[in-house]
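These numbers come from a predicted model, not from an experiment. Order of the sequence lines fixes the chain letters, A, B, ..., with proteins taken first and strands second; residue numbering starts at 1 for each chain.
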Amino acid sequence: MVKNLSEEGSDKIDWDTEDELEIQEIQDAIFSSCRDLRTTGQHALSGDGEASSSSVPCRLSKFIQQFVVMGFSEESIAKAIEQNGENSDLVLDALLTFKVIEDSPAEQPTASPQLDPSISSDDSYSEYNENFLDDVYEEESWSSDSDNRICYLKDESSSLSENEQTLLSLANMGYPVEEVSIAMEICGKEASLAELTDFICAAQMSRAEDPYLPEDVKPKLKHISNDSGGYKKRKMFNQLCKGKKQRTIFDGDPISLPKPMIGFGVPTVSGPAMVRRTLPKKAVGPPFFYYENVALAPKGVWDRIASHLYDIEPEFVDSKYFCAAARKRGYIHNLPVEGRFPLLPLPPRTINEALPLSKRWWPSWDTREHLNCLQTAIGSARLTDRIRKAVEDVDGEPPMRVQKYVLEQCRKWNLVWVGRNKVAPLEPDEVEMLLGFPKNHTRGGGISRTDRYKSLGNSFQVDTVAYHLSVLKDLYPEGINVLSLFSGIGGAEVALYRLGIPLKNVVSVEKSEVNRNIVRSWRENTNQRGNLIDFDDVQQLNGDCLEQLIDSFGGFDLVIGGSPCNNLAGSNRVSRDGLEGKESSLFFEYPRILDLVKNIMSGGR
DNA sequence: CAGACTATGATTGCATAC
DNA sequence: GTATGCAATCATAGTCTG
């Protein structure tokens, strides 16, 4: 006999999506949830706003100039510098943010749900949380200046369709184009301008967290505002709309990566305030599932992966929007995408903030503000020595040729400055921090340093995954049963724990013994109740075994895991063989097991 | 033998120039 | 449209050392 889901929580979950199969709520529900959001937890971020910029002396004039030529008012620039210091990226983000906010009719900063204090104040995470809680909600700092944001559409009206005309009207009223196009899609073609503006206002009010713009948008905005060609304008318009339209996997187009790579949204970027997606009927659970792998896989791999996971469109997200290191990953899941909230504190998102000790040694010509993807191997001592010699040989700033070489190597190996003319790979505990794990998570207990790098390099970025899983918190107040495949060092478990979602029964499958030990010892250290059941091979999980497990505690609420990327990852020079490769072909175990779980839980077996 | 250390490009997508 | 340059990338295999 097949059990219900967790008795307490399952009845709250609306798996029955009528015929529409809409996972997201309709407009009314969104409106009410916005109200809830606003009343449940005004967690005003407070901070000192980087005291580094108490004054703006003359030597900054060049720094300011670059923003003036982009068309920002000096007043805004001064404000942005005051809040962000001399970090050009952050200043530009802030300036774009001011513009968006000032253009929006509703300029109400919004709240985001609060975490359990017991979780967010965990000692493991509190030590770096004071440095990066910038106050981005200083309303009086939202200066006004002239609006030239959407003028590129103006001379196009004669050739535009009715929809485009509506979009143009609203854009001219100051509403961000992306939000208008979303509103038009959700409210329908017949929606009046008033309905659309109401919708957009509500959406803006519900937007959680700091409305930074992605850096990827900057050159585009600049480019477009200078552009007078109709072709490019139309192309831009199409791109804005393209991301929102429903796409089926077998319509001929291969899956392409979004730009910026923010999936259905990230807390640190102002994008479309809410999204709605339609899941294929067969994808609607139970259980919830969450699959992950590298975004930059060989051509066609994601199409194949998606075809085995109910043709769900992957959500591609770069973890650089969550931490100071890039991590471009694709996620296929059937989770709701509305009502997400991030783990607090928000981790530092620049190298400077994440590794403050490196600031002293960082040369001005090394313009990196983000680290690249944290991988499984580190740069060699010989390389750092070569770099030291190359930089040491010259007085002052090295010649361009040397700078280029050093920067190239630093980017390739994620080297950071740790002394005069001295670069070094990250330490394992720094990698742990960047990936959102507690310090020393992978330390000791029989694991070698080399294996620490390897296990960490193969792991989730916890904040990113937690953001996606956060929607489960309200659905399962009593906790969840998790089937964790390819668990590694327990990125999924750590994410759920940090979200404050109790782990009732965890069935964990992980080949590496040291990794299994890491997860087990982490559970003991954190005094978690509930059971942990280990397997070392996914192929052991057959129908009988799963049926027994499901019978014993009533089904899985979440099936989560990222299958091996060895044969997909770009760093692999030897055996990048695609999905059929030796390790990566284990992917097929994921849909196999997921289908079994689904069938058993629906009584189909 | 475990662990540390080191050398080893190709495949993508994108921007730009023509 | 085509050529070119640029940048990013959850790694593997061989060697050395204690």
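- Between B:dG9 and C:dT15, the distance separating the two P atoms is 15 Å to the nearest Å.
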**Report entry** Working for side-chain hydrogen bond (donor to acceptor under 3.5 Å, both in side chains), residues A:Ser508 and A:Glu510
**Finding:** CA-CA 6 Å; A:Ser508 169; A:Glu510 168 58 36; over 6 Å; no
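- In this structure, the nucleotide among C:dT12, C:dC10, C:dA8 sitting nearest to the side chain of A:Ala377 is C:dT12.
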Requested in this report: Give the intermediate values and the outcome of side-chain hydrogen bond (donor to acceptor under 3.5 Å, both in side chains) for residues A:Tyr453 and A:Arg449.
Outcome: CA-CA 7 Å; A:Tyr453 282 117; A:Arg449 189 181 161 89; 3.3 Å; yes
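- One finds a salt bridge joining A:Arg329 and A:Glu292 here, because a Lys/Arg side-chain nitrogen approaches an Asp/Glu carboxylate oxygen to under 4.0 Å.
- For the side-chain hydrogen bond (donor to acceptor under 3.5 Å, both in side chains) test, residues two or more places apart in sequence or in another chain that qualify with A:Glu315 are A:His333, A:Arg340.
- Closest contact between the side chain of A:Ser380 and the listed nucleotides C:dA13, C:dT9, B:dT6 involves B:dT6.
- Side chain of A:Asn414 to main chain of A:Cys373: a donor-acceptor pair is present (N/O by atom type, distance under 3.5 Å, no hydrogens or angles).
- Using a 4.0 Å cut-off, some side-chain N or O of A:Ser571 falls inside it from OP1 or OP2 of C:dA11.
- The separation between A:Asn572 atom CG and B:dA7 atom C1' is 15 Å, rounded to whole Å.
- In this structure, the CG atom of A:Leu383 is 12 Å from the P atom of B:dT8, given to the nearest Å.
- Between A:Asn566 and C:dT12 there is a side-chain polar atom (N or O) within less than 4.0 angstrom of OP1 or OP2.
- Within 4.0 Å (heavy atoms only), A:Arg368 reaches no atom of the nucleic acid at all.
- Applying the salt bridge (Lys or Arg N to Asp or Glu O under 4.0 Å) test between A:Glu432 and each of A:Arg443, A:Lys439, A:Arg452 identifies A:Arg452 as the sole match.
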Report task. Could you walk me through whether A:Tyr321 and A:Asp463 pass side-chain hydrogen bond (donor to acceptor under 3.5 Å, both in side chains), step by step? Result -> CA-CA 10 Å; A:Tyr321 300 108; A:Asp463 298 86; over 6 Å; no
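- Where A:Gly379 and A:Arg573 meet DNA chain B, the nucleotide closest to each residue was compared, and A:Gly379 sits on the side nearer the 5' end.
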Would you tabulate the pairs of protein nitrogen or oxygen atoms and nucleotide nitrogen or oxygen atoms of nucleotides 14-18 of chain C closer than 3.5 angstrom?
none

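- Looking at the side chain of A:Lys328, the nearest of the listed nucleotides C:dA8, C:dT12, C:dA11 is C:dA8.
- If you take CG of A:Asn567 and P of C:dT12, they are 8 Å apart, rounded to a whole angstrom.
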Give me the distances for all protein-to-nucleotides 11-14 of chain B N/O pairs that come in under 3.5 Å?
| from | atom 1 | to | atom 2 | distance (Å) |
| --- | --- | --- | --- | --- |
| B:dT11 | O4' | A:Arg576 | NH1 | 3.4 |

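- Put simply, OH on A:Tyr405 is 18 Å from C1' on C:dC6, counting in whole angstrom units.
- Using a 4.5 Å cut-off on side-chain heavy atoms (C-beta onward), A:Leu558 and A:Leu469 make contact.
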Query raised in the report: Tell me, what's DNA chain C's dot-bracket, Watson-Crick or G-U with both distances under 3.5 Å, | for other-strand, [ ] crossing?
Result: |||||||||.||||||||
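- For the ring-ring contact (aromatic ring centres under 6.0 Å, His included) criterion with A:His308, the lone passing option out of A:Tyr291, A:Tyr590, A:Phe588 is A:Phe588.
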Report task. Kindly indicate, with the supporting measurements, whether the criterion side-chain hydrogen bond (donor to acceptor under 3.5 Å, both in side chains) is fulfilled by A:Tyr331 and A:His468. Result -> CA-CA 9 Å; A:Tyr331 306 90; A:His468 296 159; 5.6 Å; no
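- At a threshold of 4.0 angstrom between heavy atoms, the contacts of A:Cys373 are confined to the sugar-phosphate backbone, with no base atom among them.
- The CG atom of A:Leu579 sits 11.0 Å away from the CG atom of A:Asp577 when rounded to the nearest 0.5 Å.
- Taking a 4.0 Å limit (strictly below) on heavy-atom distances, residues 446-459 of chain A reaches DNA chain B at A:Ser448, A:Arg449, A:Thr450.
- At whole-Å resolution of the value, NZ in A:Lys412 and P in B:dT8 are 11 Å apart.
- A sub-4.0 Å separation between OP1 or OP2 of C:dC10 and a side-chain N or O of A:Gln375 is absent.
- Considering only the side chain of A:Glu292, C:dC10 comes nearest among C:dT9, C:dA11, C:dC10.
- If you take NE2 of A:His370 and P of C:dT9, they are 12 Å apart, rounded to a whole angstrom.
- The side chain of A:Arg411 places an N or O atom within less than 4.0 Å of a non-bridging phosphate oxygen (OP1 or OP2) of C:dA8.
- The side chain of A:Trp413 has C:dA11 as its nearest neighbour among C:dA11, C:dC10, C:dT9.
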Query raised in the report: Passes salt bridge (charged side-chain N to carboxylate O under 4.0 Å, His left out), A:Asp385 versus A:Arg382? Steps please.
Result: CA-CA 5 Å; A:Asp385 200 45; A:Arg382 287 205 183 159; over 6 Å; no
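- Residues satisfying the side-chain hydrogen bond (donor to acceptor under 3.5 Å, both in side chains) test with A:Asn421, not counting sequence neighbours, are none.
- When side chains are defined from C-beta on, A:Ser358 does not count as touching A:Val418, because their heavy atoms never get closer than 4.5 Å.
- For the pair A:Ala381 and A:Ala569, nearest-nucleotide mapping onto DNA chain B gives the more 5' position to A:Ala381.
- More than 12 heavy atoms of other residues, nucleotides or ligands shown are found within 6.0 angstrom of CD on A:Glu392.
- Here C:dA8 presents its C1' atom at 13 Å from CG of A:Leu374, a figure rounded to the nearest Å.
- Between A:Arg382 and B:dA4 there is no side-chain N or O to OP1 or OP2 distance below 4.0 Å.
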Query - Worked check of salt bridge (charged side-chain N to carboxylate O under 4.0 Å, His left out) between A:Arg411 and A:Glu408 - result: CA-CA 5 Å; A:Arg411 286 200 168 104; A:Glu408 203 177 286; over 6 Å; no
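- In this entry the distance linking CG of A:Asn414 with C1' of C:dA8 reads 11 Å, nearest Å.
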